[in-house]
Number of protein chains: 2
Amino acid sequence: MTDRLGGGVRRKRPTMRDVAREAGVALRTVSRVVNSDPTVGAHLVSRVQAAISALDYAPDERAQQLRRGTSGTIGAAVRNLADAHPVLSAVDMASRSHGLAVLAMSTEDDEAREREAVMSMCGRRVDGIVIEPIGTSHDYLSAELAGGLPLVAVDRPCGGVEADAVLSDNAAGIGMAYRQLSVHGHRRIAYIGDDERIFTGRERAAAFRACVAASGGPLSGMVHPGVVTSSRVASALASVLSGPSPATALITGNVATTIEALRYLGADAGRLALVGFDDFTLADILRPALTVVAQNSAEIGRTAIDLLTARAADPGRPVQTVTIPVELIARGSGELPPPV
Amino acid sequence: MTDRLGGGVRRKRPTMRDVAREAGVALRTVSRVVNSDPTVGAHLVSRVQAAISALDYAPDERAQQLRRGTSGTIGAAVRNLADAHPVLSAVDMASRSHGLAVLAMSTEDDEAREREAVMSMCGRRVDGIVIEPIGTSHDYLSAELAGGLPLVAVDRPCGGVEADAVLSDNAAGIGMAYRQLSVHGHRRIAYIGDDERIFTGRERAAAFRACVAASGGPLSGMVHPGVVTSSRVASALASVLSGPSPATALITGNVATTIEALRYLGADAGRLALVGFDDFTLADILRPALTVVAQNSAEIGRTAIDLLTARAADPGRPVQTVTIPVELIARGSGELPPPV
DNA sequence: CTGAAAGCGCTAACAC
DNA sequence: GTGTTAGCGCTTTCAG
């Protein structure tokens, strides 16, 4: 049901022509004043400005863009607009400092929606796109990329096309989490995280396996990548905590998993050492407060805009993947000792 | 530093003309095909479509909009893009079902930024604006409103201009919270919330005072509206909990206050009955789990879009304020008994 | 320093 | 059914 707005009568907006007529000058002069061209006589400037405010004139950016050939806008296709989204916020800020507006659209974690959103951005001729990729194949963008559209992926790389990317140092993060737990005496450490079909799920699970291998700890039954649902996390956790030699510590691979794990553990949360990948607002008021590997979202967003502007300035530059360091924030849950 | 993108050479995009030439038809025919006008011969349709995909043509929406006179976009000016924003999400969804795109911009809780964002939306000739007002005066919009711009405020009303609004039932929510605590035996109930200069802060504090008055409870020293900072909430809480007859229960007026209160209480959180205004993602995994008055953000967003479309269809309709019911979600913290 | 004319990419009246 | 012609609101050569 596409019922574009505008059924009712809406007083016509004043156009530049109207202003010109009102001020008794040529169209071109109004344009100059609007764009603060210094080569206009002070006298005319004030007359035009008077006309502008008398008519409440505001230039139509679409027409400006059309004529100028640039939109002054970058698109941000993110997983959703509802959850905390520090990267989007950082992108927004960084863009503003470049004089660019941000057109944010959500992909709802859906491949088709992502494509739709991105295509709509292209239709609006955005000057660049920041994408948090969902789909595994992004070759629907290859034409745009070949045409020089600056595109940068955040959090995960795009699939099937060459594009700049800004990623967190997943391996280092898992390493920090593992080391923290080891240092506090844990030998039997488990991991529950995203499906390995997802880039970050794959990277983090692999890093975890590498840590276990390097430390000579037990691996069997300790790694549980998979879809993040309440029931899947619950059963993984149940399996990890049962048997003759249960895990004494857990690493969760993303916020959703962390939360599901906490939900499952309930009042027993204080009896299992826990380090979560990715920080979230209330992690510090949980009891025990949650130790996390925090991604530097602000830096990710800033870097994304840097890459975007760099590519816009030089479309031929080599494609680049930037890895942003993560940080361990010890708050208590990761420093719990193993039971004696 | 306004350095609009586009420094580098970017291959010119194909235009409708190019498609027409490629397909050997007139411009108008391509336009018809693009807009799926049924009056085009099947033969030509396929020829045009072949040309379109051969050239990777995508219509320029700005030009379409300019010509059509409508943008197919609504603006959403919200406090920020970082925090959870279910209203924005709902606006997004509801808009999509009307075939409208959403241009989301953050106001960063700043009056000047709000104005900037809204003006930029007007410059883009959005078909309507959903705003979470920050400033107290919105008469910079009066010209747009007079011109028929559909505008709807969410969460709080606009100041100084007549505009539709969608608000939560603050008074009822405070009433629910108060009643829940009363029912569980509390007589000395305190309130800490937003500054009364803020609309919701004012409404909720007033409702609280009315509840106390109606129930004949003690009022003096129990109401603490003010700016929500860590220190202000801490000192309010300290004052409320000290003295000969301290409060045994607390109502917090917004999420930020709730969280600061929990931070201050720390391990003692289980000893003070607490009901927070507004739900948040992790309220259920706290211990005790948090009893809240939940606003129906999804309904707020949907209603906002309904009002927007209604006004677009009939600019002369009377201005309307819709109040959305809230709901008490009992999770434990609000059902704690007073100490004996 | 200012103004007339062309045209950005597209759609909407009209002819054919 | 299809092509021609205007023009949306603006910027921008290029003359005055």
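Naming convention: chains lettered A, B, ... in sequence-line order (proteins, then strands); numbering from 1 in each chain.
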Touch class at under 4.0 angstrom, heavy-atom based, for Arg32(A) against every strand present: base

Interatomic distance, Met16(B) CE vs dC8(C) P [rounded to whole Å]: 14 Å

Spacing of Arg62(B) atom CZ relative to dG7(D) atom P, expressed in whole Å: 23 Å

Interatomic distance where CG belongs to Asp18(B) and P belongs to dC8(C) [whole Å]: 11 Å

Contacts of Arg302(A) that satisfy salt bridge (charged side-chain N to carboxylate O under 4.0 Å, His left out) - sequence neighbours left out: Glu299(A)

Arg317(A) CZ: over 12 foreign heavy atoms closer than 6.0 Å: yes

Angle between terminal axes - the helix from dC1(C)-dG16(D) to dC16(C)-dG1(D), 5 pairs each end, rounded to 10°: 40°

N or O in side chain of Gln64(A) less than 4.0 angstrom from dT11(D) OP1/OP2: yes

Straight-line distance of Asp56(B) CG to Tyr140(A) OH, nearest 0.5 Å: 14.0 Å

Within-4.5 Å side-chain heavy-atom neighbours: Pro157(A) and Leu167(A): yes

Residues Glu61(A) and Arg124(B) bridged, charged N to O under 4.0 Å: yes

Side chain Arg311(B), main chain Pro318(B), donor-acceptor under 3.5 Å: yes

Protein-nucleotide distance (Gln65(A), atom CD; dG9(D), atom P), rounded to Å: 16 Å

Residue met sooner reading DNA chain D from 5', once Leu66(B) and Ala42(B) are mapped to nucleotides: Ala42(B)

Side chain Glu114(A), main chain Gly135(A), donor-acceptor under 3.5 Å: yes

Presence of Thr15(A) side-chain N/O under 4.0 Å of dC10(D) phosphate oxygens OP1/OP2: yes

Among dT11(C), dT11(D), dT2(D), the one nearest Asn35(B) by side-chain distance: dT11(C)

Sugar-phosphate, base or nothing in reach of Gly41(A), heavy atoms under 4.0 Å: sugar-phosphate

Euclidean distance, atom CZ of residue Arg67(A) to atom P of dC10(D) [Å, nearest integer]: 13 Å

Separation of atom CG in Asp37(A) from atom C1' in dC1(C), rounded to whole Å: 10 Å

Residue-level proximity of residues 19-31 of chain B to DNA chain D when a heavy atom falls under 4.0 Å: Val25(B), Ala26(B), Arg28(B), Thr29(B)

Donor-acceptor pair (no angle test) under 3.5 Å: Arg17(B) side chain, dG9(C) base: no

Sugar-phosphate, base or nothing in reach of Val40(A), heavy atoms under 4.0 Å: sugar-phosphate

Side chain to side chain, Ile305(B) and Ile74(B), heavy atoms closer than 4.5 Å: yes

Short side-chain to backbone donor-acceptor contact, Arg96(B) and Ala101(B), under 3.5 Å: no

Donor-acceptor contact present, side-chain Asp164(B) to main-chain Leu307(B), <3.5 Å: no

Test item: Ser137(B) side-chain N/O and Gly159(B) main-chain N/O as donor-acceptor pair under 3.5 Å: no

Sub-4.5 Å side-chain heavy-atom contact between Asp155(B) and Val87(B): no

Contacts table for residues 19-34 of chain B: side-chain donor-acceptor under 3.5 angstrom, sequence neighbours left out:
{"residue": "Arg21(B)", "atom": "NH2", "partner": "Asp18(B)", "partner atom": "OD1", "Å": "2.8"}
{"residue": "Arg28(B)", "atom": "NH1", "partner": "Ser31(B)", "partner atom": "OG", "Å": "3.4"}

Any residue of residues 45-59 of chain A with a heavy atom less than 4.0 Å from an atom of DNA chain C: none

Contact list for DNA chain C against residues 116-125 of chain A - heavy-atom distance below 4.0 Å: none

Residue Gln320(B) excluded, over 12 heavy atoms near CD under 6.0 Å: yes

